[in-house]
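What follows is one structure encoded as structure tokens, with my remarks underneath.
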Amino acid sequence: MDDYKPLEIAKGIYWVGVVDWNLRDFHGYETPKGGSYNSYLVIDEKIALIDTVKAPFAGEMIKRISQIIDPSKIDYIISNHVEMDHSSSISRVLELAPNAKVFASSKGQTGLSEYYKEEGFDNWDLNVVKTGDELSLGERTLMFIEATMLHWPDSMQTYVKEDKLLFSNDAFGQHIATSKRFDDEVDDVMEDAGIYYANILLPFGGQVLKYIEKLKGLEVHPEMIAPAHGIIWRDNVSKVMTQYLKWAHGETVPKVLVIYDTMWGSTEKMAMEIVEGARSAGVEVRLRHLRKNDWSMTMKELMDAPVVAIGSPTMNNGMFFTNAGFLTYLTGLHPKGKKYFLFGSYGWGGGAVKGMEKMMESAKFELAMESMQIKFRPYEEDKKACREIGYKLAEIAKDNANS
Ligand SMILES: Cc1cc2nc3c(=O)[nH]c(=O)nc-3n(C[C@H](O)[C@H](O)[C@H](O)COP(=O)(O)O)c2cc1C
Ligand SMILES: [Fe+2]
Ligand SMILES: [Fe+2]
């Protein structure tokens, strides 16, 4: 039995990453399926390690590398991205291969120098590369592609020209823990790629479009995309690239998404009636209670919905705290071209709807129609009004869907 078996994904190119089965929270967003940090080893006359893993998993990555070569033989470490899930084991690898050269983008160099002072950054043999620069390994050539703001300023990718294999780092990733390594071996992978896109790349649609153009300009037509999270794309390469274009363009379908929280059920009743009204108009409807659902999935649901209704009860003169948190998250991710409707129940002075309106206004989000507030409990006529609003929102969703 081979312990910590690496997987050969192309001739002489190995996955030497780790699976984080118990990951449920990735810097704040829910990852119910776990995750992985993928690093890759390219064996040629020179040996290159593409990215590393989150520091607590360094030992596991090194065990996997050791199944192929003595880690001291690593010549090059390609650091595609400064973020700690990929860079925080570089210093461990350098302890074993002290003469290895590290390659990073210009902003990567700055970021690594700022993060890893205590890990001896000043002694690293750091080489800055830019888009189009090449590094020969012998039979193979690595080409570097700056992927600025996908999703950090330093983000970079590495292309193996001869194998048409793109190490895309965070782009094209998904957070899933699985013993499988390829897209044709797991279910729902596009869905998982969508959740990842909605939570990591949503603000950067413009950059995604430019990046895909840039690949064409560089004659980069990958046959395999090996991201730093999740499975490797080999069967659906063009499909995932087309899907990225659709997400970047903000493609929507006739759909109303209703998001809410509630203390005593009144805002929930309003939400249910809005759902009913929208459903009767024949569009797709989704309902998401903020404390009962993953916000990461809610963001995925929001991507293809042109209309979003958000409900909050008033608590202590303002909106409910989960609504405040969610709206902070949503306005930060800043999806484009949506229309919002705000509603909620209050007891005396109110404040939730006003608070939400302020946040929407400062984020320059467009409201579909006037907000609706109900004192304490919605009775039949209020419920009817909510159903009518739901119906109207569905009509707006039909008019605004762009696919
Ligand atoms: C802890 C707490 C604080 C509240 N603070 C306010 C308030 O400051 N102003 C107000 O108008 N209503 C306030 N309310 C009343 C609720 O907004 C009201 O009961 C509303 O109908 C709750 O909607 P829900 O059933 O969707 O939770 C408060 C209720 C609770 C439980
Ligand atoms: Fe990242
Ligand atoms: Fe990452």
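Since this is a predicted model, take the numbers as computed values, not measurements. Just follow the structure's listing: the first ligand is 1, and inside any ligand the first atom is 1.
Closest non-hydrogen pair, M356 versus I310, comes out as CE-O, 3.6 Å. The nearest pair of heavy atoms linking M270 to M372 is CE-O, 3.8 Å.
Considering D170, N169, D51 as possible partners of N80, the one that fulfils the side-chain hydrogen bond (donor to acceptor under 3.5 Å, both in side chains) test is D51. Partner of T298 under the side-chain hydrogen bond (donor to acceptor under 3.5 Å, both in side chains) criterion, chosen from R288, E30, H289, R286: R288. A side chain to side chain contact (heavy atoms under 4.5 Å, CB included) with F343 is found for one member of I374, T267, V353, I389 and no other, namely T267.
At under 3.5 Å, not a single nitrogen or oxygen of D261, backbone or side chain, sits near a nitrogen or oxygen of ligand 1. Considering backbone and side-chain atoms alike, P313 places every N or O at 3.5 Å or more from each N or O of ligand 1. Below 3.5 Å of separation, one finds no N or O of M315 facing any N or O of ligand 1. Backbone and side-chain nitrogen or oxygen atoms of T267 are examined, and one is located within less than 3.5 angstrom of a nitrogen or oxygen of ligand 1.
The protein heavy atom nearest to atom 30 (C) of ligand 1 is M263 CE, 3.7 Å. With respect to atom 8 (O) of ligand 1, the closest heavy atom belonging to the protein is N317 N, 2.5 Å. Of all protein heavy atoms, the one lying nearest to atom 5 (N) of ligand 1 is N316 N, 2.8 Å. Given atom 12 (N) of ligand 1, the protein heavy atom at minimum distance is G347 N, 3.1 Å. Nearest protein heavy-atom neighbour of atom 6 (C) of ligand 1: W348 CZ2, 3.4 Å. With respect to atom 25 (O) of ligand 1, the closest heavy atom belonging to the protein is S266 N, 2.8 Å. Ranking the protein heavy atoms by distance from atom 17 (O) of ligand 1 puts T314 O, 2.7 Å first. Closest to atom 20 (C) of ligand 1 among all protein heavy atoms lies S345 OG, 3.2 Å.
Other residues, nucleotides and ligands contribute at most 12 non-hydrogen atoms within 6.0 Å of the NZ atom of K239. More than 12 heavy atoms of other residues, nucleotides or ligands shown are found within 6.0 angstrom of CD on E8. Taking a 6.0 Å sphere around NZ of K383, one finds it holds more than 12 heavy atoms contributed by other residues, nucleotides or ligands.
Ligand 1 is never approached by G351 to a heavy-atom distance shorter than 4.0 Å.
Sorting the N, O or S atoms of E83 by how far they are from the Fe ion (ligand 2) puts OE1 first. Closest to the Fe ion (ligand 3) among the N, O or S atoms of H86 is NE2.
Per-residue contacts place T262 under 4.0 angstrom from the following atoms of ligand 1 (heavy atoms of the residue considered): 24 (P), 25 (O), 26 (O), 27 (O). The atoms of ligand 1 that sit less than 4.0 Å from any heavy atom of Y346 are 11 (O), 17 (O), 18 (C), 20 (C), 21 (O). Ligand-side atoms of ligand 1 in range of G265: 24 (P), 25 (O), range being under 4.0 angstrom from any heavy atom. Numbered from 1 in the order shown, with element, the atoms of ligand 1 that lie under 4.0 Å from a heavy atom of F376 read 18 (C), 19 (O), 21 (O).
One finds no salt bridge joining E380 and K384 here, because no Lys/Arg side-chain nitrogen approaches an Asp/Glu carboxylate oxygen to under 4.0 Å. A salt bridge links K255 with E301: the distance from a Lys NZ or Arg NE/NH1/NH2 to an Asp or Glu carboxylate oxygen falls below 4.0 Å. Here K216 pairs with E213 in a salt bridge; the nearest charged N to carboxylate O distance falls below 4.0 Å. Between K398 and E395 there is a salt bridge, with a side-chain nitrogen of the basic residue lying less than 4.0 Å from a carboxylate oxygen of the acidic one.
For H229, the nearest N, O or S atom to the Fe ion (ligand 3) falls under 2.8 Å. Counting backbone and side-chain atoms alike, D85 contributes an N/O/S atom closer than 2.8 Å to the Fe ion (ligand 3).
In this comparison of A352, G344, G350, the heavy atom closest to atom 11 (O) of ligand 1 sits on G350.
D294 and S296 are not linked by any side-chain donor-acceptor pair at a separation below 3.5 angstrom, with hydrogens and angles left out of the test.
Rounded to the nearest 10 degrees, the angle NE2 (H81) to the Fe ion (ligand 2) to OD2 (D170) equals 90°.
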